[in-house]
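Below: one structure, written as C-alpha cells.
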Amino acid sequence: MLTPLPRASLLPVLLFSALACKGGDAGGDSAAPPDVTHRLDDQLTFSDVLALGTHNSYHVETSGRPEWDYTHLPLDQQLGEQGVRQFELDLNWDSGDDVWRVYHVPLIDQGTTCDLFSECVAVMAEWSAQNPGHHPILTLLELKDVAPTDDPEEAARMINAAEEAVREAWGDRVITPDEVMGAAGSLNEAVATAGWPTLGSLRGRSAWVLHAGGDWSDLYTESGATTAGRLFFPDGQGNLESPTAAVHVMNDAFDPNIAVAVARGALVRTRTDGDGVEARANDTTKANAALASGANFVSTDFPAPHYETGYVVTIPEGTPSACNPVHAPEGCLSTDIEDPALLQGRQ
C-alpha cells in the first residue's frame, strides 16, 4: 500500500495578496480589466471548445532521429502565431537545484526552447496577460521521474515546486479542481451534471493536468480519493468512472470512448500524429479522425508544415479554435469560442 501524501504538505499556503504581487495581476491594481466578452460567453463552456495542441511543446529537433525531427516555436509564438491552446511539457527533476527542467530524453533528445519549467510557465503567462480574451489554455505536465514513494517529503517537494511555479506566474488565473467541482461529490460528477464553468468566467486563464498515472497519481489524489486543495487536474486516462477524472488523455483518435467522455462533460486530448509517421507520408487520416472525434484538443508535432511533405494540422475554420463537433450547441460560431478581434479587449 502507498502512503498518501498529506494534503497540507503538498500545497504551500499562499496568501491571495502575495499571489497578486507575484504575477497574478499582470495589469496592475488600478487598471480596469479589458472587456473581452464574446457573444455566447454566458452559455458556452470549456467543454464546447475544439482547439489545437502541440506534443512535446518545447521540443527542438534531434538530427538523425526521424521520430524527433521537429522543432516547435517558443510557447508564446505558438500561442500568438499558430493559435495553439494546449501544450505538453515533460518535467525532469533536477535534485541539485530542486527545480523542474523541461526536455524529452536525457542526453539523446534534450533540445528545448525553455529549460526551466518556471521559465516556460512565465512565457505563457505573459502572453496571456497581454491577450486576456483567449479561451482557457490547457497544459499537460508529464513527470518523467519515478515517484519517490519511499520518501514522502521528497515527493512533496517535487510537487510543490511544480505547483508553485504555476502559481508564481499565473496567480489566481489558474482554473482549479475545487472551482470546477463546486458542491458536487466528485470532479467526475461535477462535469457530468453541472458541467464546466462558462467561457466568460474562464477567459484569460489556464488549466493544468498532472499527466501521470500510477504512483504519482495515487500520491496526488490520495489513491483516487480526492482532488480537494490540488492545483492540477489528474489525468483520467480514459477511465470514465474515476471520481477524480474531468480531463482525459486518450491518444487513439479512433477510440469511440472519446465522444462518450466529451458527451459526459469531460475534456479530452487526443493525437493526430506520432513519431513523424503521418507527416512523412502526408497522411491526414488520423488527423481527420481526431478532429471529428469530439476531442477538445487535437495535438500534433506539426502546427507548421513539414519541410518535405507539407503535412500540417490546423483547426478547420478555426479562429484559431472552433466549436466542438460533439458537445457545442447549435448556432455556435468559431468567433464565439475565440475572436481575434477581442483578444486584447474592445477598443
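- Of the possible polar contacts, none joining the Y220 side chain to the D215 backbone as a donor-acceptor pair under 3.5 Å is found.
- When each of N131, L343, L199, V36 is checked for a side-chain contact (heavy atoms from CB on, under 4.5 Å) with E338, only L343 meets the rule.
- Put simply, V102 and L116 are part of two different groups of oily side chains (I, L, V, M, F, W, Y) that touch within less than 4.5 Å, one to the next.
- A cation-pi arrangement is not found for R101 relative to F117, the charged atom failing to lie both closer than 6.0 Å to the ring centre and inside a 45° cone about the ring normal.
- Residues L267 and S47 meet the side-chain proximity criterion, which asks for heavy atoms closer than 4.5 Å.
- Relative orientation of the H55 and Y70 rings is tilted, given thresholds of 30° and 60° on the angle between their planes.
- The aromatic rings of Y311 and F302 sit perpendicular to each other, their planes meeting at more than 60°, with 30° as the lower class boundary.
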Where do W93 and Y103 land on the ring pair (Phe, Tyr, Trp, His ring centres under 6.0 Å) test, with the steps shown first? CA-CA 10 Å; W93 182 244; Y103 57 86; over 10 Å; no
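- At least one side-chain heavy atom of N296 sits under 4.5 Å from a side-chain heavy atom of V262.
- In this structure the side chain of V174 reaches within 4.5 angstrom of the side chain of V166, judged on heavy atoms.
- The closest side-chain donor-acceptor pair between D336 and H38, if any, does not fall under 3.5 angstrom.
- Across I258 and D252, no two heavy atoms sit closer than the pair CD1-O, 3.4 Å.
- Using a 4.5 Å heavy-atom cutoff, the side chains of C120 and L89 are in contact.
- The ring-ring contact (aromatic ring centres under 6.0 Å, His included) search around H211 returns none, not counting sequence neighbours.
- The aromatic rings of W170 and W208 sit perpendicular to each other, their planes meeting at more than 60°, with 30° as the lower class boundary.
- Note on L50 and V209: separate hydrophobic clusters, where clusters join Ile, Leu, Val, Met, Phe, Trp and Tyr whose side-chain heavy atoms are under 4.5 Å apart, directly or indirectly.
- A salt bridge links E179 to R205: one of the charged nitrogens lies within less than 4.0 Å of a carboxylate oxygen.
- For the residue pair N251/T270, the side-chain donor-acceptor check at 3.5 Å is not satisfied.
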Walk me through it: do N188 and S186 pass the test side-chain hydrogen bond (donor to acceptor under 3.5 Å, both in side chains)? CA-CA 5 Å; N188 193 324; S186 69; 5.7 Å; no
Kindly determine whether D109 and H59 satisfy side-chain hydrogen bond (donor to acceptor under 3.5 Å, both in side chains), including the steps that lead there. CA-CA 9 Å; D109 190 38; H59 193 264; 2.8 Å; yes
